[in-house]
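The structure appears below as structure tokens.
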Amino acid sequence: MTPRSWTLSEAFDRAAPSYDAMVALSPGYHDQLARAAAALVERLPEQATVLDLGCGSGASTQAILAAWEGAGRPANALTVLGVDASAGMIGQALHKRWPATVTFGIDDAVHWLERRADASVDGILAAYLLRNVTDRDALVAEVARVLRPGGAVVLHDYSVAGSRSARILWAGICHGVVIPLAILKRSDVPLHRYLYTSVRDFDSVPEVMTRLTRAGFGQLRHLRHRGWQHGIIHTVVGVRR
């Protein structure tokens with residue numbers, strides 16, 4: 001397959017049937033999502049509308065619901081709108097059981113946000129999304145526009161920039177485990193090779209925070225995670241001023 005014919009959303013479409021099984025093999029994946037979702041929920045009002053950008057097969061959506069329930073909030077007081085550019089991943093999400101307050105759509109995140117009203121949502125979770133967006137400043141600007149003042153954004157992603165040890169570990173994990181496992185599981189191998197390069201070339205955490213600051217966010221907080229992903233997986237929280 002030539003680079004010209006390869007698109008990220010189509011690669012996720014092909015990987016969608018085995019995606020949940022693949023991430024289940026990643027130690028800490030769901031625990032880290034749970035921590036990111038909890039960081040968002042603790043900043044939400046008692047009744048809230050939340051956007052789950054790049055929701056994939058719904059793991060991040062499930063994490064938001066679980067964090068809301070864990071905080072003792074009434075289930076019907078939370079509305080979650082999930083969006084992903086991959087029809088295959090949304091198809092996997094729709095095969096799961098969801099409350100009536102959860103809906104999903106297929107669209108590019110920036111394009112989808114552009115059609116939403118100013119200051120119309122209370123919180124946004126974007127897990128493993130910013131790295132995959134061509135115009136990152138445009139995404140962050142749209143996130144800021146649709147959030148109400150005081151609304152929170154949580155960006156959760158890989159980043160190894162600025163750390164030689166994290167870059168070496170990431171290369172070893174991808175070439176020694178992730179890509180061979182994708183071959184074994186008959187998942188989309190180009191997608192997992194893209195995972196390696198996209199993380200290798202992604203922003204540092206300070207660069208992500210700078211993007212948020214420029215867009216009008218304050219009270220920035222950086223959460224690090226335990227385990228082998230320490231220094232590789234990061235959660236950044238910001239509040240719309």
Side-chain angles (χ1 to χ4, degrees), residues 28 31-55 59-74 77-83 109-110 112-114 116-133 135-163 166 202-226 229-241:
D31 289 342
Q32 292 152 7
L33 270 182
R35 191 174 178 214
L40 177 65
V41 166
E42 72 182 25
R43 290 164 175 81
L44 295 177
E46 292 304 310
Q47 183 149 357
T49 297
V50 169
L51 306 184
D52 184 8
L53 303 181
C55 64
S60 50
T61 316
Q62 290 171 327
I64 294 168
L65 295 178
W68 184 266
E69 181 183 358
R73 309 280 190 92
L78 176 68
T79 298
V80 182
L81 311 175
V83 66
V110 175
W112 190 70
L113 286 170
E114 287 172 344
R116 299 201 62 83
D118 293 359
S120 58
V121 301
D122 303 292
I124 294 177
L125 175 63
Y128 306 108
L129 174 69
L130 186 63
R131 170 175 45 87
N132 297 321
V133 174
D135 191 342
R136 293 167 187 160
D137 281 336
L139 175 69
V140 172
E142 284 301 307
V143 164
R145 183 185 62 79
V146 303
L147 273 173
R148 297 188 178 99
V153 62
V154 174
L155 305 177
H156 180 77
D157 214 327
Y158 300 93
S159 174
V160 296
S163 171
F202 184 45
D203 295 347
S204 66
V205 171
E207 287 171 331
V208 171
M209 289 183 159
T210 297
R211 290 185 193 276
L212 289 173
T213 300
R214 285 200 304 259
F217 287 92
Q219 301 179 45
L220 300 183
R221 185 181 173 199
H222 174 205
L223 305 180
R224 295 171 175 84
H225 299 275
R226 298 190 182 96
Q229 299 99 331
H230 180 76
I232 294 177
I233 300 287
H234 306 270
T235 302
V236 175
V237 183
V239 176
R240 184 72 171 96
R241 291 195 288 260

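Keep in mind it's a predicted model, so treat the numbers as computed, not measured.
- When all heavy atoms are compared, the tightest approach of V236 to M209 is CG1-CG, 4.0 Å.
- Contact between L40 and G123 at its shortest, heavy atoms only, is CD1-CA, 3.9 Å.
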### Message
Does V41 form a side chain to side chain contact (heavy atoms under 4.5 Å, CB included) with V50? I'd like the steps, not just the answer.
### Response
CA-CA 9 Å; V41 166; V50 169; over 6 Å; no
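- The heavy-atom pair separating A36 from V154 by the smallest distance is O-CG1, 3.7 Å.
- For A144 against A215, the heavy-atom pair with the smallest separation is CB-O, 3.5 Å.
- Not a single donor-acceptor pair under 3.5 Å links the side chain of R148 to the backbone N or O of R240.
- With a 4.5 Å cut-off on side-chain heavy atoms, W68 and L44 count as touching.
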### Task
Kindly indicate, with the supporting measurements, whether the criterion side chain to side chain contact (heavy atoms under 4.5 Å, CB included) is fulfilled by L155 and L212.
CA-CA 10 Å; L155 305 177; L212 289 173; 4.0 Å; yes
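- Across every non-hydrogen atom of A39 and L223, the tightest pair is CB-CD1, 3.9 Å.
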### Task
Would you please test F217 and V239 for side chain to side chain contact (heavy atoms under 4.5 Å, CB included) and show each step?
CA-CA 5 Å; F217 287 92; V239 176; 5.6 Å; no
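- With L51 as reference, L113 is the one residue of T79, V83, L113 to meet the side-chain contact (heavy atoms from CB on, under 4.5 Å) rule.
- Heavy atoms from other residues, nucleotides or ligands lying under 6.0 Å from NE2 of H222 number more than 12.
- Aromatic ring orientation, Y128 versus H156: perpendicular (interplanar angle above 60°, classes split at 30° and 60°).
- Under a cut-off of 6.0 angstrom, the local environment of CZ in R116 is crowded, with over 12 non-hydrogen atoms contributed by other residues, nucleotides or ligands.
- Across A63 and L33, no two heavy atoms sit closer than the pair CB-O, 3.9 Å.
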### Task
Report the C-alpha distance between L147 and V121 in whole Å, list the side-chain angles of each, state the deciding distance to 0.1 Å, and finish with yes or no for side chain to side chain contact (heavy atoms under 4.5 Å, CB included).
CA-CA 5 Å; L147 273 173; V121 301; 3.9 Å; yes
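- Just one residue in the list R73, R221, R35 forms a salt bridge (Lys or Arg N to Asp or Glu O under 4.0 Å) with E42, and that residue is R221.
- Atom CD of E69 has 12 or fewer neighbouring heavy atoms from other residues, nucleotides or ligands inside a 6.0 Å radius.
- Other residues, nucleotides and ligands place no more than 12 heavy atoms under 6.0 Å from the CZ atom of R226.
- Atom CD1 of I233 is separated from atom CD of Q32 by 5.0 Å, given to the nearest 0.5 angstrom.
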